Amino acid sequence: MNHTIFEWTQTACAHIRFKPDRAPVGAELTNHYIDCRDCLIRGGMARQQAERVALEALGDPDETGRLLNKMHKPYLGWFWVFSRWAVTLTTFLFLMGVFRYPVKDAIQYYFYGWPTFFGAEEKGVDLTSLKPFYNGENQEREWFRVYGVCTQTAQAGDYTVSVERAVRWQSWYEEEGTRHIYDGFRFILKAEADSLTLDGPDAILNYLSLRDNMGNEYVNR
Amino acid sequence: MKFDKSLLSGSTTMLVLSLLRSGEKYGYEMISQLALRSDDAFQLKEGTLYPILHGLERDKCVEAYEKEASGGRIRRYYRITPKGRKVLAEQTEQWRQFSGTVERVLGERCQA
């Protein structure tokens, strides 16, 4: 039975030139056949006879297929498929433009124990003046200077980096009567880019250091 | 009473839309209801129904959606759209004018 209805739908759907529509149309016609067959069985007809009658009721598969093909024009079908893709792509690009998608937002990165930082406050260093700068991937001292205060940013390749927040802390321990002071700070670094095709900004972090308002440089180690 | 198929062919779209006016239906349900309402006078073939339904869907006179039927099968249901209702009203009006005119002509011939 299944083979027969399968053949019928295969023959009918082969006339539909827009191939993506063949499977759903075939499924609909098969369902129609099952509905008809089951109805006849419920009405008291023997299963085998009901199957034959239901199949005959479907009519000529070639004639049905030709009529269905007229309703499933390939150019209309493909136009519909491409339109949906175009709308999706346009919407995506529009949203990208509106929101300037941040690739990796608020990356936490830590700097520890810089000797030059020790006693910075006593020297009049304003921690809020800390600015990141970038010395290039070749580690040569090619500085990328930063302008502005608090919203200070540096351009590191395709990324814009900025210090979102900095916290200074001091700790100490005593050993053999000598107090050892550990002085440092942490900050949250933000890296943004407009393109989704870039790699993550992790690589540039190796080359980032800080400079304060006194001109002191704190090199990342 | 069986009718000449050509009499039916011009009005099948209108009949299909009128079946959907009372609620959403699937293909076999439409054929069954049409046969029932017409005392088996109109027996729409599947080969006629589905091309009409798919054409109406393409023209946005009906919209289709899938729903699970008993036994886990997925049935495709059709429902009439506002545009479909408008087309149905136009076709019904045309049909009434046409049948009235035919009646008038036939009446004149009988009198003659």
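Please read all numbers here as calculations on a predicted model, not as lab measurements.
The contact between Ile74(B) and chain A is made entirely by backbone atoms, counting heavy-atom distances below 4.5 Å.
Sparse packing is recorded around CD of Gln48(A), with 12 or fewer heavy atoms of other residues, nucleotides or ligands lying under 6.0 Å away. By the 6.0 Å contact criterion, NZ on Lys60(B) is open, its count of non-hydrogen atoms from other residues, nucleotides or ligands being 12 or less.
Centroid-to-centroid, the aromatic rings of Tyr50(B) and His32(A) come within less than 6.0 Å.
Looking only at heavy-atom pairs under 4.5 Å with chain B, the residue among Leu29(A), Ile34(A), Asn69(A) that has the most is Ile34(A).
Counted by atom type alone, Asn31(A) and Arg73(B) present one or more donor-acceptor pairs between their side chains at under 3.5 Å.
Atom-to-atom distance recorded for Arg75(B):CZ and Glu28(A):CD is 11.5 Å, nearest 0.5 angstrom. Note that the CZ atom of Arg58(B) and the CE atom of Met71(A) stand 5.5 Å from one another [nearest 0.5 Å].
Residues from residues 57-66 of chain A that place a non-hydrogen atom less than 4.5 Å from a non-hydrogen atom of chain B comprise Ala57(A), Leu58(A), Thr64(A), given in numerical order.
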For side-chain contact (heavy atoms from CB on, under 4.5 Å), just list the numbers for Glu29(B) and Asp35(A), CA-CA rounded to whole Å, side-chain angles, deciding distance to a tenth of an Å, and then say yes or no.
CA-CA 9 Å; Glu29(B) 197 179 4; Asp35(A) 282 331; over 6 Å; no

